[in-house]
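First the proteins, then the strands, lettered A, B, ... as listed; each starts at 1. In this text the structure is predicted, and so the values were computed from the model without any measurement. Basis for what follows: all heavy atoms, side chains included, without hydrogens, waters or symmetry-related copies.
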Protein chains: 2
Amino acid sequence: MTDITRRRSDKKREAIIQAATQAFQEFGVNGTSMDKLAELANVSKRTVYNHFSTKEYLVMHLIKEQWQSALVDINAEYKSDSPLNEQLEELVFQEVSFMCSDSHLELARVAIGHFFYKPEKLKDEVTQLKAQESSLHRWLKKAEADNRLTFEDIEQVVNEIDSLIKGQSFWPQLFKIEDNLSDDDKWRITRNIVAMVLSRYEC
Amino acid sequence: MTDITRRRSDKKREAIIQAATQAFQEFGVNGTSMDKLAELANVSKRTVYNHFSTKEYLVMHLIKEQWQSALVDINAEYKSDSPLNEQLEELVFQEVSFMCSDSHLELARVAIGHFFYKPEKLKDEVTQLKAQESSLHRWLKKAEADNRLTFEDIEQVVNEIDSLIKGQSFWPQLFKIEDNLSDDDKWRITRNIVAMVLSRYEC
DNA sequence: TGAAAAGTAAACTGTTCAGTGTAATATGTG
DNA sequence: CACATATTACACTGAACAGTTTACTTTTCA
């Protein structure tokens, strides 16, 4: 198989993925027939099936692919010589931005539409997502060890911060109840969250 | 039409509603065929259609019916001679209990399953739900007028509290990621939320 | 008891849709 | 050119499913 052949094939494949990504978000997996999809991708239905043997494979491929591209490493080293609010704002802003990013929302929409009535499967996938959230975890631990924050249950704190982030930058956007956030919005939300957290847990 | 006739008819109707409620939660609206439903209700398919002329009518009936039964009036009068934390805890506890009640979760599951890819319709329904949330609103306003709380944007505060409540007593339960909450859990969550809010906004 | 109301079983219609089979065509390689 | 690989058009299968029709039975009640 040569480069050029592969290139044509890859273009078709790309078109399928492109169309599927968009259609699944807009109409849902169930609302998108393979015929419709092929038409949107400007590709014959048979070609779709040559690349993805079943609809389920296509869906799973998309979810995993988008997961990869959505997974931006959020990292913020704890610094004992820098103000807490600045550091935490930096971290929370990254989380807020990630949560309301198109790539993450799109992924969440497809995944939820696909898994909503398959809670066992959903649980597995969510477990993976949780790995993502350990950066905040680590930062809080170090700040506590450094005697600048005090709390009893770190899981509780992470939960609270997570709730504040998602409640303002994820759930409303997921259901298209609220518009996308501007950078100003994100910073405003971030500052309020940090102010709240520090007023409660700062020593 | 006499009482007894109505009684047989009503029993059938009740069985249909009962079966639909359960099946829609478990398998989703799309995952529940009218044949399956009739079988689960121990009723002929035709009888289902005699009571509900289309599947859509049945779905909407259920959503509205459950909405009614779920809508417990949450009320807490602001009292200037009573500690803020006690009052707010009472109020937040009511909201937490409502959010993670079976009736509310069931409603949310059916509604989200039904509306997930119809954002326009969803928006309408959510607007109605928001009326529910004005009790917290009123309480906060009075506490501020009484100079015991200070904040700039009340919407912001309501949003934050709402996020904290739902992030711990609604979303995880909705997706069956977390088990139902015990009363102890609810109080623990409530106390933490109130402590956080007051540490930030109490004068 | 007999008429009206409600329910039942089962076959049927029409549509949507995932997935397949096939024969023809296009594209690129050696 | 000859060969291999991809793509296409399109007809087809088989299943699921919303909603209907029909011929028949049960329940209620005047």
Side-chain angles (χ1 to χ4, degrees), chain A residues 1-24 26-63 110 113-118, chain B residues 1-63 110 113-118 121:
Chain A
M1 202 183 300
T2 69
D3 278 1
I4 298 174
T5 306
R6 196 179 306 131
R7 220 170 279 146
R8 180 175 67 146
S9 190
D10 282 356
K11 270 187 181 170
K12 295 290 178 182
R13 191 187 176 86
E14 209 37 60
I16 294 166
I17 290 172
Q18 182 56 38
T21 304
Q22 218 213 301
F24 285 172
E26 189 163 353
F27 312 113
V29 174
N30 280 336
T32 307
S33 71
M34 295 298 261
D35 289 273
K36 197 172 166 185
L37 179 61
E39 202 192 320
L40 288 171
N42 267 311
V43 139
S44 81
K45 186 181 176 180
R46 209 60 184 75
T47 298
V48 177
Y49 277 100
N50 284 341
H51 283 279
F52 301 97
S53 61
T54 67
K55 196 181 186 183
E56 179 75 13
Y57 277 138
L58 174 56
V59 172
M60 293 310 279
H61 175 87
L62 284 183
I63 290 180
V110 175
H114 191 63
F115 287 126
F116 196 64
Y117 290 107
K118 301 168 187 169
Chain B
M1 201 181 300
T2 69
D3 278 1
I4 297 174
T5 306
R6 199 180 303 131
R7 219 170 280 146
R8 179 174 70 150
S9 191
D10 283 355
K11 268 187 183 172
K12 295 291 178 180
R13 191 186 178 86
E14 209 35 62
I16 293 166
I17 290 173
Q18 182 55 39
T21 304
Q22 218 213 302
F24 286 171
Q25 283 164 50
E26 189 165 351
F27 312 114
V29 174
N30 281 336
T32 307
S33 71
M34 294 298 263
D35 289 274
K36 197 172 165 185
L37 178 62
E39 203 192 320
L40 287 171
N42 268 311
V43 141
S44 81
K45 187 180 177 181
R46 203 58 186 81
T47 298
V48 177
Y49 278 100
N50 283 341
H51 283 279
F52 302 97
S53 62
T54 67
K55 195 181 185 181
E56 179 74 14
Y57 277 139
L58 174 56
V59 172
M60 293 310 280
H61 175 88
L62 284 184
I63 290 179
V110 175
H114 191 63
F115 288 126
F116 196 63
Y117 291 107
K118 302 168 187 167
K121 284 194 181 180

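Checking side-chain atoms of Thr32(B) against main-chain N and O of Gly28(B) turns up a donor-acceptor pair under 3.5 Å.
Atoms CD (Glu56(A)) and C1' (dG19(C)) sit 14 Å apart, rounded to a whole Å. Regarding Lys12(A), its NZ atom lies at a distance of 13 Å from the P atom of dA26(C), rounded to whole Å. Taking atom CG of Asn30(B) as the reference point, atom P of dA18(C) lies 13 Å away to the nearest angstrom. Taking atom CD1 of Ile16(B) as the reference point, atom P of dA6(C) lies 13 Å away to the nearest angstrom. For His51(B) and dA18(D), the NE2 to P distance is 18 Å, given to the nearest whole Å. When rounded to the nearest whole Å, the span between NZ of Lys11(A) and P of dT27(C) equals 12 Å. When the C1' atom of dT7(D) is taken as reference, atom CZ of Arg46(A) falls 11 Å away, rounded to whole Å. To the nearest angstrom, P of dC10(D) lies 13 Å from CD of Glu39(A).
Comparing dG7(C), dA6(D), dT20(D) against the side chain of Arg8(A) picks out dA6(D) as the nearest. Closest approach to the Thr47(A) side chain among dT8(D), dG7(C), dA18(D) is made by dT8(D) (side chain taken as heavy atoms from C-beta onward).
Between atom CZ of residue Arg13(B) and atom CG of residue Asn50(B) there is a gap of 11.0 Å, rounded to the nearest 0.5 Å. Note that the CE atom of Met34(B) and the NZ atom of Lys45(B) stand 8.0 Å from one another [nearest 0.5 Å]. Distance check, rounded to the nearest 0.5 Å: OG1 of Thr21(A) to CD1 of Ile16(A) gives 11.0 Å.
Here Ser44(B) does not reach the OP1 or OP2 of dG7(C): none of its side-chain N or O atoms lies under 4.0 Å away. Contact annotation: Ser9(A) side-chain N/O to dT5(D) OP1/OP2 distance is not under 4.0 Å.
A cation-pi arrangement is present between Lys36(A) and Phe27(A), with the terminal nitrogen or guanidinium carbon under 6.0 Å from the aromatic centre and inside a 45° cone about the axis.
Applying the 3.5 Å distance criterion, the base of dG19(D) shares no donor-acceptor pair with the side chain of Lys55(B).
Each of Thr54(A) and Val43(B) lies near DNA chain C, and the nucleotide nearest Val43(B) is the one positioned closer to the 5' end.
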